[in-house]
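Pasting in a structure now, in structure tokens, and then I'll have a few things to ask.
Proteins get letters first, then strands, A, B, ... in listed order; numbering begins at 1 in each. The basis for the numbers below is simple: all heavy atoms, side chains too, and nothing from hydrogens, waters or symmetry mates.
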There are 2 protein chains.
Amino acid sequence: MTNGGALRELDEVDHALLEAVQRDGRATLSDLAATIRLGVSATRARLQTLERQGIITSYAAHIDPERVGYALRAVVRMRVNGPLLDSQVTAVLEKRPQIVRCLRVTGESCYMMEVVATGMRDLEEITDDLAQIGPITTDLVYEVVADKPTPVP
Amino acid sequence: MTNGGALRELDEVDHALLEAVQRDGRATLSDLAATIRLGVSATRARLQTLERQGIITSYAAHIDPERVGYALRAVVRMRVNGPLLDSQVTAVLEKRPQIVRCLRVTGESCYMMEVVATGMRDLEEITDDLAQIGPITTDLVYEVVADKPTPVP
DNA sequence: ACTGAAAGGCCGGCCAA
DNA sequence: TTGGCCGGCCTTTCAGT
């Protein structure tokens with residue numbers, strides 16, 4: 001059987017592999033094999049297992065928003081008073097790709113979103129859409145102080 | 001000349017390429033060449049340019065924090081009253097790899113952080129460290145509603 | 001579960017346009 | 001800047017342990 005979702009115990013080698021492939025997502029199997037001191041075949045087998053189990057969810061290139069025209073980054077918190085109107089939130093998320101991240105959280109803010117924008121005009125359009133769902137608070141981001149991969153304990 | 005940092009105008013093909021490598025960071029050059037309908041050499045040249053310009057900053061595997069033992073995710077907001085004590089923040093960031101993201105922002109909260117934790121005990125240790133720098137507010141994350149790549153305008 | 005070898009495919013440098 | 005060719009490396013598969 002395949003056992004796609006269960007969490008098997010990860011050993012030291014798996015940890016090293018996860019760490020390596022998070023640091024360099026384009027590392028070749030040979031590279032990874034060398035860093036975790038294992039044969040290429042074994043490395044591939046472990047990697048495929050991690051992918052199949054959903055522990056590795058995806059591989060992605062990261063790009064610098066500033067260099068592609070987004071001068072601004074902001075955090076928008078939003079309350080929703082009545083019944084949770086997920087459909088409205090989903091609609092705005094689909095309409096506005098600049099909303100790059102959205103979390104549903106406890107506390108006063110029901111949703112926390114991270115937004116990139118080409119300028120204040122652009123940001124205003126997005127927050128206007130959100131403000132129709134519930135009261136929002138917008139903070140501009142001065143600096144991304146840290147953006148780290150998930151540690152493997 | 002190399003012109004490492006300036007922003008050249010990106011054309012349609014560059015947009016398509018950026019979109020493609022964000023969706024699949026492990027796509028081969030042949031794959032990418034096929035999707036952007038270009039030769040392999042040309043694809044490689046453009047990709048290298050994007051990397052050299054710092055538009056593509058890195059490649060990474062994404063892993064599911066839950067499946068590696070992090071049952072909790074939280075957002076911590078922190079004020080800093082007096083002079084900005086970046087060194088103290090940096091120290092905690094280095095000590096606690098579970099703080100996977102940290103933004104310095106405008107508004108009442110000076111810092112916004114995203115944290116993964118194995119349980120409440122783990123989370124408590126981290127927030128205790130942060131609370132020594134300034135007053136904090138901690139929200140637990142119910143769900144990551146969206147986590148999208150940066151759009152290319 | 002890991003190693004090693006063989007076959008095929010892909011990458012990365014070169015030159016031509 | 002793009003396309004084509006070629007040498008070398010990587011991936012993949014398959015025995016073997």
Would you check if A:Val21 and A:Leu50 make a side-chain contact, meaning some heavy-atom pair closer than 4.5 Å? no

For atom CG of A:Leu50 and atom C1' of C:dA1, their distance in whole Å: 15 Å

Nucleotide-resolved protein contact map, nucleotides 10-17 of chain C, B/S/- at heavy-atom distance under 4.0 Å: SSBB----

With side chains defined as the heavy atoms from C-beta onward, is the minimum distance between B:Val68 and A:Pro151 less than 4.5 Å? no

Rounded interatomic separation in angstrom, taking CZ from B:Arg52 and P from D:dT1: 9 Å

Value rounded to 0.5 Å, distance of CG in B:Leu29 from CG in B:Leu38: 11.5 Å

How close or far is atom C1' of D:dT11 from atom CG of A:Leu38, stated in whole angstroms? 16 Å

Calculate the interatomic distance between B:Asp14 atom CG and D:dT1 atom C1'; express it in whole Å. 12 Å

Check whether any side-chain heavy atom of A:Leu18 lies under 4.5 Å from a side-chain heavy atom of A:Thr150, and answer yes or no. no

The correct list of stems in which DNA chain D takes part (3 or more consecutive Watson-Crick or G-U pairs, distances under 3.5 Å) is C:1-17 with D:1-17

Around atom CD of B:Glu143, are there more than 12 heavy atoms of other residues, nucleotides or ligands at under 6.0 Å? yes

CZ of B:Arg37 versus P of D:dT1: gap in Å, rounded? 22 Å

Non-neighbouring partners of A:Thr57 that pass side chain to side chain contact (heavy atoms under 4.5 Å, CB included), sequence neighbours left out: B:His62, B:Asp64

Do the non-hydrogen side-chain atoms of A:Val89 and A:Met78 ever get within less than 4.5 Å of each other? yes

Is the closest side-chain heavy-atom distance between B:Ser109 and B:Ile136 below 4.5 Å? no

